[in-house]
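Have a look at the structure below, then the notes.
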Number of protein chains: 2
Amino acid sequence: MPRPRSALLSVELIVNAALKLVDETGDFSFPRIARELGVSQSSLYNRIESREHIIELLRAQLFEEIPPQPVADQSWQDAARMLIRSYRDRFAQHPKLVPLLVTQTVHAPVVMGMYEDLALTLERSGLPTEDIGPAIASIDYFALGAALDATAPDEVWDPSPEQFPALRRATACSGTSAERVARAFNFGLDVLVAGIEMRAKQEIY
Amino acid sequence: MPRPRSALLSVELIVNAALKLVDETGDFSFPRIARELGVSQSSLYNRIESREHIIELLRAQLFEEIPPQPVADQSWQDAARMLIRSYRDRFAQHPKLVPLLVTQTVHAPVVMGMYEDLALTLERSGLPTEDIGPAIASIDYFALGAALDATAPDEVWDPSPEQFPALRRATACSGTSAERVARAFNFGLDVLVAGIEMRAKQEIY
DNA sequence: ACCTGAACACCGTTCAAGT
DNA sequence: ACCTGAACACCGTTCAAGT
C-alpha cells in the first residue's frame, strides 16, 4: 500500500495561512489557521511547536520574500542608507505583522545576515570597533519604531492647539499619516547617517 | 441609612493592581486584577471601559510618577538630551509595561506635554519648521526601540562567529545586556543630537 | 507518522439580577 | 449607584485515541 501522496499539512501552509490572517485581521490564532486549512487545531502541533515558533517563522518569511541586495560597491553612507531602507521596506510589506515581531527576540539566521552586512558597512565608515554594536542597535531601534508607527491607525493627531502651540506648529501641514511617517523616516535616516559620519571623524566625542 | 463609607473599587486601585501584575508577570488580565482586589471580574467594568482603556491609564501613570523637569535654561542640545533621557527613564521604571504600550496609539494628554517641550526645544535649534515633526518622530522611534530592547530577556547573543565575523567583532566585548543597551542608547542619543545640529546648520540637505 | 476530538486552564465582554 | 454570577465567544496547549 503506497504511503499517502501528500500530507494535509506543512510548515509552509501554516505560515502562509498565518501571514494571510495577519495581513487581513492584524492577528492569527490556532483555531483560525486550522479553519483556513480545513484541519483540526491540534494537528498544527505536528509541524510547529508553539505560537512563538510561528511568529519566528513569520519573521524569517519577511526576510526571504525580498532577497538582500549586494551593497559592497558603494560608499558606506549609501550602503547604510540602502540597508536601513530595505529593512524598513520588509516591514512595510506586512505592516500588521510588526506588532507581533517587536516583542520577541530574534532567532532567525536570515536576519543575522542583514546585521552582518550592516556591521561590514559600518566598519568601512571608520567608526571605532566598540561603536559598531551601538550603531547597529540604534539603527535597529529607529527602523523598528518607524515600522510600528506605520502600523498605527490614521489618527487626526490634533492636540488641542491652545494647550500645545509648538506641537501644533510642528504638525500643521503634515499631510496624510503615510506621508508623515515617510518624512520622519527620511529625516531620521539622514540624521543618523550624518551623525555617524561625524562620530567616525571624531568630530564629536 | 448612610451610604457606604467607601466603594470597594476605584480607577486608582485597578490601575495600581494592573501595574503590579505587569511588573511581576509581564501582563495583566481582568480575572487577575479582580482576584487581587477581592472583587468580581465584571465589577471592573463599572470603572473602566476596556482592556485598552487600562493600558492608556498605565501610560499616563508612567508620566505622572516622575514629574517633568524644567528645561528652558539650557542649550537646546542639553535640553533635548535631558528630555530624551527622561522619556527613556520612564520606560525603564516599568520595563515589562513597554510591550503593552508600543502597539497602541497615544491619547494621554500628559504625554503630549512632553512632546510639546521637545517641540519647543527643537525650535530653539534653528531646525526649519517642517523638520520639527520628523525630528520628534525620529526621537520617539529611537527611544521606543531602546525601551523595547531593554525589555528583551538577557540572551547570549552569540551568532555563530564563523558565519558572521563582523557581527562577532562588533559584539565581542559588549558586557551584560543592560550595559549593551545603555551604550547603544548613549551612542544613538549623541548621534541624533549631532545629526540634528548639522541639519539645523544646513550642513546636510 | 500523522490527524482527530475532547479536555483543560485561561482570556475580554455583556447582561440580567440583586442591593 | 455599585456589585455579583452566569453566560458567551474566544484563546494556547496537551493527550489519549484512532489510522
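Reminder, nothing fancy here: chain letters follow the sequence lines and each chain counts from 1. Hydrogens, waters and symmetry mates are skipped; everything else that's a heavy atom, side chains included, is used.
Nucleotide C/dA9 holds its P atom 22 Å from the CZ atom of A/R51, rounded to whole Å. When the C1' atom of D/dT13 is taken as reference, atom CD of A/Q41 falls 9 Å away, rounded to whole Å. A/N46 places its CG atom 12 Å from the P atom of D/dT14, with the value rounded to the nearest Å. In this entry the distance linking CG of B/L44 with C1' of D/dG5 reads 14 Å, nearest Å. To the nearest angstrom, P of D/dG12 lies 11 Å from CG of A/L100. One atom, CG of A/L37, and another, P of C/dC2, lie 16 Å apart when rounded to the nearest Å. Distance NE2 (B/H53) to C1' (C/dG12): 16 Å, rounded to an integer number of Å. In this structure, the CD1 atom of A/I54 is 13 Å from the P atom of D/dC11, given to the nearest Å.
Scanning both residues, A/P95 and A/P99, for their nearest heavy atoms gives O-CD, 3.6 Å.
Using a 4.0 Å cut-off, some side-chain N or O of A/R47 falls inside it from OP1 or OP2 of C/dC3.
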Stepwise side-chain hydrogen bond (donor to acceptor under 3.5 Å, both in side chains) check, A/Q77 with A/E197
CA-CA 8 Å; A/Q77 289 94 335; A/E197 191 169 358; 3.2 Å; yes

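Between the base of C/dG12 and the side chain of B/S29 there is no donor-acceptor pair shorter than 3.5 Å. No hydrogens or angles were tested; on distance alone, nothing pairs the side chain of B/S50 with the base of C/dG12 as donor and acceptor under 3.5 Å.
Distances from the side chain of B/V39 to the nucleotides D/dT4, D/dG12, D/dT13 place D/dT4 closest. Here C/dA6 is the nucleotide among C/dG12, C/dA6, D/dC11 with the atom lying nearest to any side-chain atom of A/S42. Considering only side-chain atoms of B/S40, the nucleotide from D/dG12, C/dT4, D/dT4 that sits closest is D/dT4. Side chain of A/F30, nearest nucleotide from D/dT4, C/dG5, D/dT13: D/dT13. Picking from C/dG12, D/dC11, C/dC11 the nucleotide with the shortest atom distance to the side chain of B/R32 gives C/dC11.
Between A/D131 and B/R183 there is no salt bridge, since none of the side-chain N atoms of the basic residue sits less than 4.0 Å from a carboxylate O of the acidic one. Between A/K96 and A/E24 there is no salt bridge, since none of the side-chain N atoms of the basic residue sits less than 4.0 Å from a carboxylate O of the acidic one. The pair A/R51-A/D27 counts as a salt bridge, with a side-chain nitrogen and a carboxylate oxygen less than 4.0 angstrom apart.
Here C/dA7 sits opposite D/dT13 as a Watson-Crick or G-U wobble pair (both hydrogen-bonding atom distances under 3.5 Å). Base pairing of D/dT19: its partner is C/dA1, meeting the Watson-Crick or G-U wobble criterion (both donor-acceptor distances under 3.5 Å).
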